[in-house]
Amino acid sequence: MTITQSWRRARPGRSARRARGPARRHRLAIGTLAVLVLAVVLVPLIVRLDQQLVDLRAAGLPPSFAHPFGTDEVGRDVLIRCIYGLRVSLVVGLVAAIAGATIGALVGLVAGAVGGLADRVLMRVVDGFNSLPHLLFGVFIVALFAPSPTAVIVSVAVTHWTTAARIVRSEVLSLRGRPFVDAAISGGSGRLRIVARHFLPNLAPQLLLATVLMIPHAIWHETALSFLGLGLPAHLASLGNMINDGQRSLLAGDWWSSLFPGLLILVPTLAVSALAQYVRDRANPRWRSELVL
């Protein structure tokens, strides 16, 4: 055997390298999310700076050691405001995703477990919500209230619950034909007992995945509403508000006022998407490459 043949045999095959690719993305996604979460939790406790502190003498400074992300048009530190804005986006996105998944789970459970007329009516309601443009419908909902995190959470939850409802309904319909459900029915178990003991434990992984997948959508939805001036109040540091404010600075060449908030929107959504895709592929390889934002 020649040296070249030995080297080729020792090298990992293409399939092995391809299998390690998702694992690397999974570790990178977890590491990125861990860094971001630690930043939004620890930095406000360590660095005692007011996110709304105005210093006109330091207005429009480019990134430097003193201000790694520069300052905005009124002298506020962009890095500190980005961290506060990311914390707001992550909290709003997580709460909205949990609320939307809960609504969808209840609708899907009723539709799948009861069936018949209830299933047909609820699925037509789901189709009706899916036919509406999410952003425009969200703008309509938020416009009914004063700008606040609660209004944004309600808007995101009301416009994003349909995906979880379809997932839960499909899984319940699949579980209804399983032998252990037939055995439970033969043993005299009621519908609520079957839902609690057989449906919910088997639905937990799908609900967790649906919730994780909803978080990036919720973050983008909140950012879009804040960018339009309909999301969070102006006095709260929000990534959408910062990008909106940074538009005025772009003409003066202050690119950092919009660039860094935009990156902090993109990075966590890509990390959550990569993590969810890895979990989904491990749970069922047939779903590979079906995950899209």
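One is the number of the first residue; the rest follow in order along the sequence.
- Taking every heavy atom of both residues into account, Ala111 and Met123 meet most closely at CB-CE, 4.0 Å.
- With Trp220 contributing its side chain and His217 its backbone, the two residues share no donor-acceptor pair below 3.5 Å.
- No side-chain heavy atom of Arg81 sits under 4.5 Å from any side-chain heavy atom of Tyr84.
- With hydrophobic clusters built from ILVMFWY side chains whose heavy atoms lie under 4.5 angstrom apart, Leu239 shares a cluster with Leu90.
- With hydrogens and angles left out, the side-chain atoms of Glu222 and Ser238 include a donor and acceptor closer than 3.5 Å.
- Closest of all the heavy-atom pairs between Val267 and Thr32 is CG1-CG2, 3.5 Å.
- Distance alone, capped at 3.5 Å, places no donor-acceptor pair between the Thr269 side chain and the Pro216 backbone.
- Between Pro268 and Leu36, the closest heavy-atom pair is CB-CD1, 3.8 Å.
- The side-chain contact (heavy atoms from CB on, under 4.5 Å) search around Thr162 returns Val126, Phe129, Asn130, not counting sequence neighbours.
- Pairing each heavy atom of Leu79 with each of Pro68, the nearest pair is CD2-CG, 3.9 Å.
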Problem set entry | From CA spacing to verdict: side-chain contact (heavy atoms from CB on, under 4.5 Å), His67, Val78 | CA-CA 8 Å; His67 303 282; Val78 176; over 6 Å; no
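- The shortest side-chain heavy-atom distance between Val168 and Glu171 does not fall under the 4.5 Å cut-off.
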Donor-acceptor pairs are to be reported for all side-chain atoms of residues 139-148 against protein atoms at under 3.5 Å, with residues two or more places apart or in another chain.
residue, atom, partner, partner atom, Å
Ser148, OG, Ala146, O, 3.4
Ser148, OG, Ala151, N, 3.3

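- Nearest heavy-atom pair across Ile83 and Ala39 is CG2-O, 3.7 Å.
- Residues Thr159 and His221 are in side-chain contact: their nearest non-hydrogen atoms beyond the backbone lie under 4.5 Å apart.
- With a 4.5 Å cut-off on side-chain heavy atoms, Val92 and Val156 do not count as touching.
- Proximity of a side-chain donor or acceptor of Ser170 to a complementary backbone N or O of Arg166 within less than 3.5 Å is not detected.
- Taking every heavy atom of both residues into account, Pro63 and Trp255 meet most closely at CG-CH2, 4.1 Å.
- Arg124 has no carboxylate O lying under 4.0 Å from a charged side-chain N of Asp119, or vice versa, which leaves the two without a salt bridge.
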Just distance, no hydrogens or angles: give the donor-acceptor pairs under 3.5 Å from side chains in residues 256-263, sequence neighbours left out.
residue, atom, partner, partner atom, Å
Trp256, NE1, Leu61, O, 3.2
Trp256, NE1, Thr71, O, 2.9
Ser258, OG, Gly246, O, 3.4

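- Cluster annotation: Ile80 and Leu38 are assigned to the same hydrophobic cluster (Ile/Leu/Val/Met/Phe/Trp/Tyr, side-chain heavy-atom contacts under 4.5 Å, transitive).
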